[in-house]
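Here the structure is laid out as structure tokens; the discussion comes afterwards.
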Amino acid sequence: MVEIGGLVFQSFLSKILDFSVKGSFKEQTRVVIDYIATLTDSDIKIIVKEIGTIPECIKASSSEEKLFSKASDVILSRCFRMLGLKSKSVNERADSADVIAESMYHKYSLVADAKCFRMSRTAKNQKDFKVAALSNWRGGENEYAVLVSPYFQYPKAESQIYKTALDNNVCLLAWEHIAILLDNNISENENFSLETIWNSSSMIVRDSKVSYESAKSCFLPRINAFVAKKIGIRLSEFLKLLNEQKLVIIKRGSFELSYCEEKIEEIKKYTHEQAIAELIKETKLEEKITVINSYLSSLGDVYEQG
């Protein structure tokens, strides 16, 4: 049975929220990297089961959400290191991969991108996954590109992302896959390589029976089979482990529902003035006024032309 993260993840989240209000984003990132370095492997194994879900207490497009996303990159990089690779999270350019990993034994390297989604957001399209961009980010020096998203948030039926991944040899992996690998203490060595997982799209596309867009008959089941083989267990046993990951999601979902319900009850108690103030805050109109005034002030004095 999988371990429910709960308190470990909540402690992790509290740290991220605390860091997000201190200093510049660059400084926050450095603090997050240092903090995650102090976590034990056991902590990481628990956090990785929940990191794919953005908490509802984090506002969309906020500084907290930005730092949570960066923390997921750092967590993914740590996972690669636990799998026996050299890895680091990067923060150099907006048009580059967030994570780079390199095999210490088998002469290959990869770029990776970590994706996290809210439970409340179900409408996702290929732009959310950026598969083609990830392929380009590998450049000429990295053999593989790996996207890591929540397993049960991948499109369940037809989607362009599967064809794009096959066309560009991008591995569509899941946080749940990473969690199961870590729980089984899988790690590269001189005689054991994970390269076939990262190269899975290339292997899938060789099958002439592949239906490019179908997740059920094409991509995810084959990835499951590749990962199960690397662990050395039957596919049926692997699918049982994967199904148990739903327990983490269900437990986490209860936290997210409670948060939303508590916020509703809190709002119901607002006075008229409080409701207006909260609405102004949510629309960020005062911040917009400040920014506009700052911009206008930067223009300097305007003199009438005679």
Side-chain angles (χ1 to χ4, degrees), residues 3-102 104 109-119 121 128 130 133-134 137 142 146-150 173 175 178-179 182 248 252 255-256 259 281 284 287 290-291 294:
E3 183 178 4
I4 301 300
L7 293 177
V8 174
F9 182 79
Q10 289 301 315
S11 176
F12 167 80
L13 176 59
S14 295
K15 289 287 187 181
I16 300 304
L17 294 176
D18 183 48
F19 297 151
S20 69
V21 296
K22 299 176 180 178
S24 66
F25 182 71
K26 185 176 181 179
E27 293 168 334
Q28 293 168 7
T29 297
R30 184 170 62 251
V31 173
V32 165
I33 292 173
D34 292 342
Y35 161 64
I36 290 176
T38 68
L39 297 175
T40 66
D41 286 354
S42 296
D43 290 336
I44 297 298
K45 288 179 179 181
I46 295 172
I47 292 170
V48 74
K49 294 180 174 110
E50 298 201 55
I51 193 70
T53 299
I54 301 174
E56 295 299 330
C57 65
I58 294 180
K59 294 182 180 179
S61 303
S62 64
S63 58
E64 293 90 347
E65 185 178 68
K66 185 178 179 181
L67 191 61
F68 184 88
S69 177
K70 174 50 64 178
S72 72
D73 295 332
V74 181
I75 289 290
L76 179 57
S77 180
R78 173 73 179 270
C79 289
F80 281 131
R81 292 198 294 276
M82 291 170 65
L83 292 171
L85 284 68
K86 292 193 296 184
S87 181
K88 65 178 181 178
S89 59
V90 296
N91 190 33
E92 297 172 356
R93 304 190 316 272
D95 60 341
S96 65
D98 294 315
V99 178
I100 297 175
E102 178 183 358
M104 294 186 287
S109 61
L110 60 86
V111 296
D113 192 18
K115 290 296 179 188
C116 307
F117 297 109
R118 297 173 183 274
M119 286 186 179
R121 182 169 178 248
D128 294 313
K130 300 180 181 178
L134 179 57
W137 290 337
N142 300 291
V146 181
L147 181 70
V148 180
S149 294
L173 208 62
W175 289 109
I178 297 288
L182 294 179
V248 178
R252 179 65 183 282
F255 283 113
E256 304 302 339
Y259 171 80
K281 180 181 176 182
K284 297 184 178 181
E287 289 88 340
T290 300
V291 173
S294 177

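Residues take their numbers from the sequence shown, with the count starting at 1.
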Check: Counting N and O atoms only, with roles assigned by atom type, does the side chain of Q28 sit under 3.5 Å from a partner on the main chain of S20, one being a donor and the other an acceptor?
Finding: yes
Check: What are the two closest non-hydrogen atoms of A71 and I16, and how far apart are they?
Finding: CB-CD1, 3.8 Å
Check: Under 3.5 Å, side chain of D34 to main-chain N/O of V31, donor-acceptor pair present?
Finding: no
Next item on the list: Indicate yes or no: does K70 engage D73 in a salt bridge with an N to O separation below 4.0 Å.
Entry: yes
Notebook entry, point to check: Got a second to check how far D98's CG is from L134's CG, nearest 0.5 Å?
Noted result: 9.0 Å
Checklist line | S87 (side chain) donor-acceptor with I100 (main chain) under 3.5 angstrom | finding: yes
Check: Would a distance-only check, ignoring hydrogens and angles, find a side-chain to backbone donor-acceptor pair under 3.5 Å from S11 to V8?
Finding: no
Margin query: Has R118 got a side-chain atom pairing as donor or acceptor with T53's backbone, closer than 3.5 angstrom?
Written below: no
Notebook entry, point to check: Is L76 close to I51 at the side-chain level, that is, under 4.5 Å between some pair of heavy atoms?
Noted result: no
Check: Are I44 and I36 close enough that some pair of their side-chain heavy atoms sits under 4.5 Å apart?
Finding: yes
Item checked: Reported CH2-to-SG distance for the pair W175 and C79, which is rounded to 0.5 angstrom -> 6.0 Å
Note to self: For a side-chain contact (heavy atoms from CB on, under 4.5 Å) check, start with the C-alpha distance between K115 and D128, then their side-chain angles and the critical distance, and finish with the verdict.
What the structure shows: CA-CA 9 Å; K115 290 296 179 188; D128 294 313; over 6 Å; no
Item checked: F68 and F12 aromatic ring geometry - parallel, tilted or perpendicular at 30°/60° bounds -> perpendicular
Margin query: Quick check for you: to the nearest 0.5 Å, what is the distance between M104 atom CE and L85 atom CG?
Written below: 7.0 Å
Note to self: Quick check on side chain to side chain donor-acceptor pair (under 3.5 Å): which of E65, K66, E64 does S62 satisfy it with?
What the structure shows: E64
Next item on the list: Measure from the side-chain N and O atoms of S77 to the backbone N and O of V74, and report whether any donor-acceptor pair falls under 3.5 Å.
Entry: no
Note to self: Can you tell me how far apart CG (D41) and CD1 (I46) are? Round to the nearest 0.5 Å.
What the structure shows: 11.5 Å
Margin query: Tell me if a side-chain donor or acceptor on E256 pairs with a main-chain N or O of P55 at a distance below 3.5 Å.
Written below: no
Notebook entry, point to check: Which heavy atom in Y259 sits nearest to a heavy atom in E56, and how many Å separate them?
Noted result: CE2-O, 3.5 Å
Item checked: pair L110-N142: side-chain heavy atoms closer than 4.5 Å -> no
Note to self: Checking the side chain of R78 only, and the main-chain atoms of L39 only, is there a donor and an acceptor separated by less than 3.5 Å?
What the structure shows: yes
Next item on the list: Measure the spacing between CD1 of I178 and CG of L173 and express it to the nearest 0.5 Å.
Entry: 4.5 Å
Checklist line | Between CZ on residue R252 and CD on residue Q10, distance to nearest 0.5 Å | finding: 7.0 Å
Check: If you take all heavy atoms of C116 and I54, which pair is closest and at what distance?
Finding: O-CD1, 3.5 Å
